Amino acid sequence: MKRRYRQILFGHRPYWWVHETVIYPNQSSPCLEQFPITCETGPGSPSGHAMGSSCVWYVMVTAALSYTVRWKDKSAVTLHRLTWSLLWSIFWIIQISVCISRVFIATHFPHQVILGVFAGILVAEAFEHAPAIQTASLRTYIKTNLFLFIFALGFYLVLKLLDIDLLWSVPKAKKWCANPDWINIDTTPFAGLVRNLGALFGLGLGINSEMFIASCKGKNSCKISFRILCIAASLATLQLYNVVKIPTHTECLFYILSFCKSAAMPLTVVALVPYCVHSLMRTTEKKLN
Ligand SMILES: O=P(O)(O)OC[C@H]1O[C@@H](O)[C@H](O)[C@@H](O)[C@@H]1O
């Protein structure tokens with residue numbers, strides 16, 4: 001039983017596996033080149049990058065196609081088919097590129113990235129059809145956040161009691177990474193958890209804020225100019241967040257700041273940016289009248 005758990009939750013990464021496996025006799029293991037982004041510290045299966053990429057792109061492609069599918073006349077149907085082929089081709093080119101790059105830098109075996117792509121699509125499918133995400137109250141968001149945190153921590157502790165350490169991969173990464181500077185705390189499973197909890201909290205805060213209601217639920221929200229300005233301003237602002245580097249020397253401080261940064265990002269995109277754009281458009285309209 002324990003062995004089976006290990007197979008599901010404990011995917012090895014090639015950069016440490018080649019050193020530990022016994023299938024290569026007499027030190028004949030292949031030499032895998034490592035890169036600054038090779039030394040991921042979490043388990044290898046499924047690939048988080050492949051999962052994130054396929055999930056996000058799947059949502060964007062299906063959302064775009066849901067507009068074109070409404071076009072009814074004959075030439076529009078042809079255009080829809082062309083858009084369909086183009087967008088899905090782009091989708092698969094991106095997924096294949098992500099998968100190849102993860103395998104190339106020795107962080108994953110091929111089956112792990114394939115699993116990641118399909119897991120990401122499954123997650124996107126499940127949540128795309130859950131409109132409650134856009135209408136849930138802040139209280140529900142906070143409860144969900146607490147539940148996920150307690151469940152993850154509890155699951156970790158229960159497995160620890162069963163002598164299964166979910167952080168088993170961290171010492172392996174530390175042992176086999178070619179350069180200690182390439183081991184980043186933000187790749188640990190707990191860092192991922194804190195980031196996701198922060199993003200969920202920020203989203204809940206955003207969609208329940210006055211700023212969101214005034215802008216995204218107001219009369220401007222249907223205007224294409226409002227949407228394009230929001231997209232442009234959000235992309236520019238998100239770049240600024242990339243510049244903010246969180247100090248990694250104190251673990252606790254890192255987790256707190258990481259939570260805050262992850263919460264600030266959806267809050268900015270969902271509430272702050274639309275509200276600023278909305279206010280700007282209203283001021284311009286008033287001046288013109
Ligand atoms: O499994 P991969 O492709 O190496 O990706 C790992 C990354 O996956 C992401 O989903 C996590 O948020 C990161 O914390 C983690 O570093």
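Both counts, for ligands and for their atoms, begin at 1 and track the order of listing. Please read all numbers here as calculations on a predicted model, not as lab measurements. Sequence positions, counted from 1, serve as the residue numbers for this chain.
Residue Tyr58 is tested with Glu128, Gln95, Glu125 for a side-chain hydrogen bond (donor to acceptor under 3.5 Å, both in side chains); the sole match is Glu125.
Both Trp92 and Val56 are assigned to one and the same hydrophobic cluster, defined by single-linkage of ILVMFWY side chains at heavy-atom distances under 4.5 Å.
Taking Trp176 as the reference, His19 meet the ring-ring contact (aromatic ring centres under 6.0 Å, His included) condition, with sequence neighbours excluded. When the disulfide (SG to SG under 2.5 Å) test is applied to Cys230, no partner is found at least two apart in sequence or on another chain.
For Thr188 and Thr41, the side-chain atoms include no donor-acceptor pair closer than 3.5 Å.
Protein residues with a heavy atom under 4.0 Å from ligand 1 are Arg13, Glu40, Ser47, Gly48, His49, Arg102, His108, Asp186, Thr187, Gly192, Arg195.
Residue pairs that meet the salt bridge (charged side-chain N to carboxylate O under 4.0 Å, His left out) test with at least one member in residues 237-265, sequence neighbours left out, do not exist here.
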